[in-house]
There are 2 protein chains.
Amino acid sequence: MRDLLYLKDDQIKDFIEQIFYAYRETYSDPKKILKKYSFGTAHHRAIHLIERHEGLTVSDLLNKLKITKQSLNRVLRDLVNNKAIVLKKGEVDSRHRQIFLNERGKKLFEEIFLEQKKRIYNAFKNSDSDSVIKFKNVLSKIINE
Amino acid sequence: MRDLLYLKDDQIKDFIEQIFYAYRETYSDPKKILKKYSFGTAHHRAIHLIERHEGLTVSDLLNKLKITKQSLNRVLRDLVNNKAIVLKKGEVDSRHRQIFLNERGKKLFEEIFLEQKKRIYNAFKNSDSDSVIKFKNVLSKIINE
DNA sequence: GTTTTTGGTCAGCTATATTGACATATCTAT
DNA sequence: ATAGATATGTCAATATAGCTGACCAAAAAC
């Protein structure tokens with residue numbers, strides 16, 4: 001038994017607390033900007049995923065967000081009405097709707113991201129490259145567990 | 001300019017996405033157990049912080065959760081009615097209420113934690129000690145940015 | 001041509017948060 | 001003693017984001 005201190009319950013409890021803080025802070029930074037557009041965090045998460053996976057289908061988005069289609073539909077309707085996104089019929093399978101940001105949506109995303117980026121950027125700037133790589137590795141192990 | 005790839009926008013966007021997944025997964029694991037007690041994630045977060053900081057005051061908890069006192073009060077009322085916590089007058093300043101888990105609360109916490117622990121434990125078990133330490137360091141820089 | 005898949009929608013409900021106003025007990029300072 | 005500040009509790013109304021269940025239509029797959 002070596003230094004497996006980080007597998008101790010108290011340490012794990014600390015991590016559970018820290019993950020909550022990290023999420024909350026990261027996603028609360030851009031709330032003022034969202035409010036300008038009458039959007040909330042639900043819209044934010046959708047926009048973020050659409051920007052990262054341009055052209056994804058409704059069910060792709062559903063699988064990433066893990067909410068019901070009724071919940072997502074309200075969010076998408078708001079975004080369409082606000083002219084932030086467009087839905088296009090899928091070329092291969094026209095039952096699918098592919099989701100794209102339009103100009104207004106891209107502008108909104110950039111505003112949100114600029115605000116949100118600061119926190120992560122500064123944290124990484126004060127870390128070395130090895131730390132960031134290892135942060136990423138552990139994070140993805142937590143997700144894919 | 002060396003390997004500052006991790007400071008690139010696309011990388012940072014990925015991290016923002018990953019932090020969302022990590023939080024969501026970590027806090028959705030124990031939802032079935034919470035439901036047995038008619039509690040939700042709001043109660044879970046409060047119980048977690050009370051266990052980690054036994055005897056903390058209402059305003060301490062408020063500062064950690066960053067919600068309004070009205071919101072917290074509903075949660076605390078539920079926990080008191082369910083006999084999971086007790087509030088005691090502060091010894092030094094009797095305006096303060098100090099919050100403690102009682103037996104039922106401790107049992108509930110252990111059930112929740114056992115469920116939630118798996119994910120983190122397995123992720124760490126498959127990482128080396130250096131990775132976990134660096135994960136922790138970067139995480140706290142994100143929080144305290 | 002029947003069945004399955006993908007998506008949209010209506011209606012109602014629940015959980016968790018908000019704002020604003022007001023009440024009470026207790027501590028601190030004069 | 002009393003005035004003011006602090007910690008907490010509570011009422012009422014509202015917002016946000018999720019849920020279940022039912023049902024419908026278009027398009028694809030068999």
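Below, chains carry the letters A, B, ... as their sequence lines are ordered, and counting in each starts from 1.
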Degree of bending, the helix from C:dG1-D:dC30 to C:dT30-D:dA1 (end axes from five pairs; round to 10°): 30°
On DNA chain D, nearest-nucleotide positions of A:Thr41 versus A:Ser94: which is more 5'? A:Thr41
On DNA chain D, nearest-nucleotide positions of A:Val92 versus B:Gln98: which is more 5'? B:Gln98
Between B:Arg52 and A:Asp10, is there a donor-acceptor pair closer than 3.5 Å when you use the side chain of the first and the backbone of the second? yes
Pairwise distance CG(B:Asn73) to CG(B:Leu62) - rounded to 0.5 angstrom: 9.0 Å
The complete set of ring pair (Phe, Tyr, Trp, His ring centres under 6.0 Å) pairs with one or both residues in residues 46-66 of chain A, sequence neighbours excluded, reads A:His48-A:Phe109
Of all heavy-atom pairs between A:Gln18 and B:Leu139, which one has the smallest distance, and what is that distance? CB-CD2, 3.5 Å
By the ring pair (Phe, Tyr, Trp, His ring centres under 6.0 Å) test, which pairs, at least two apart or in different chains, include something from residues 123-145 of chain A? A:Phe124-B:Phe15, A:Phe135-B:Phe15, A:Phe135-B:Phe135
Residues from residues 43-61 of chain A sitting under 4.0 Å of DNA chain C, heavy atoms only? A:Thr57, A:Val58, A:Ser59
Rounded at 0.5 Å granularity, tell me how far NZ in B:Lys141 sits from NZ in A:Lys125. 11.5 Å
Any donor-acceptor N/O pair, B:Asn82 side chain to B:Ala84 backbone, under 3.5 Å: no
Quick check: is B:Ile99 connected to B:Leu101 through a chain of hydrophobic side chains (ILVMFWY, heavy atoms under 4.5 Å apart)? yes
When you list every nucleotide of DNA chain C with an atom under 4.0 Å from a heavy atom of chain A, which one comes first 5' to 3', and which comes last? C:dT5 to C:dC10
Could you report the tightest heavy-atom contact between B:Leu79 and B:Ala46, atom names first, then the distance? CD1-CB, 4.2 Å
Under the salt bridge (Lys or Arg N to Asp or Glu O under 4.0 Å) rule, what pairs show up with a residue in residues 79-90 of chain A, not counting sequence neighbours? none
Hydrophobic clusters here meaning ILVMFWY residues chained together by side-chain heavy-atom distances under 4.5 Å, can you tell me if B:Leu49 and B:Phe100 are in one? no
Check for a donor-acceptor pair, side chain of B:Gln116 on one end and backbone N or O of B:Thr26 on the other, with a separation under 3.5 Å. yes
Sequence neighbours left out, what pairs pass salt bridge (Lys or Arg N to Asp or Glu O under 4.0 Å) with at least one residue falling in residues 55-73 of chain B? A:Glu25-B:Lys66
Counterpart residues, side chain to side chain donor-acceptor pair (under 3.5 Å), relative to A:Arg24 (two or more places apart): none
Scanning both residues in full, the closest heavy-atom pair of A:Val132 with A:Ser127 reads CG2-CB, 4.1 Å
Nt span of DNA chain D in reach of chain A heavy atoms at under 4.0 Å, 5' end first, is D:dA17 to D:dA28
Rounded to the nearest 0.5 Å, how far does CZ of B:Arg74 lie from CD1 of B:Ile67? 8.0 Å
Contact check, residues 62-76 of chain B vs DNA chain D, heavy-atom distance under 4.0 Å, returns B:Lys69, B:Gln70, B:Asn73
List the atom pairs, with distances to 0.1 Å, where a side-chain N or O of residues 32-41 of chain A and a protein N or O form a donor-acceptor pair under 3.5 Å, not counting sequence neighbours.
residue : atom : partner  : partner atom : Å
A:Lys36 : NZ   : A:Glu111 : OE1          : 2.9
A:Tyr37 : OH   : A:Lys107 : NZ           : 3.3
A:Tyr37 : OH   : A:Glu111 : OE2          : 2.6

Can you sort out which residues in residues 23-40 of chain B have a heavy atom within less than 4.0 Å of DNA chain C? Ascending by number, please. B:Gly40
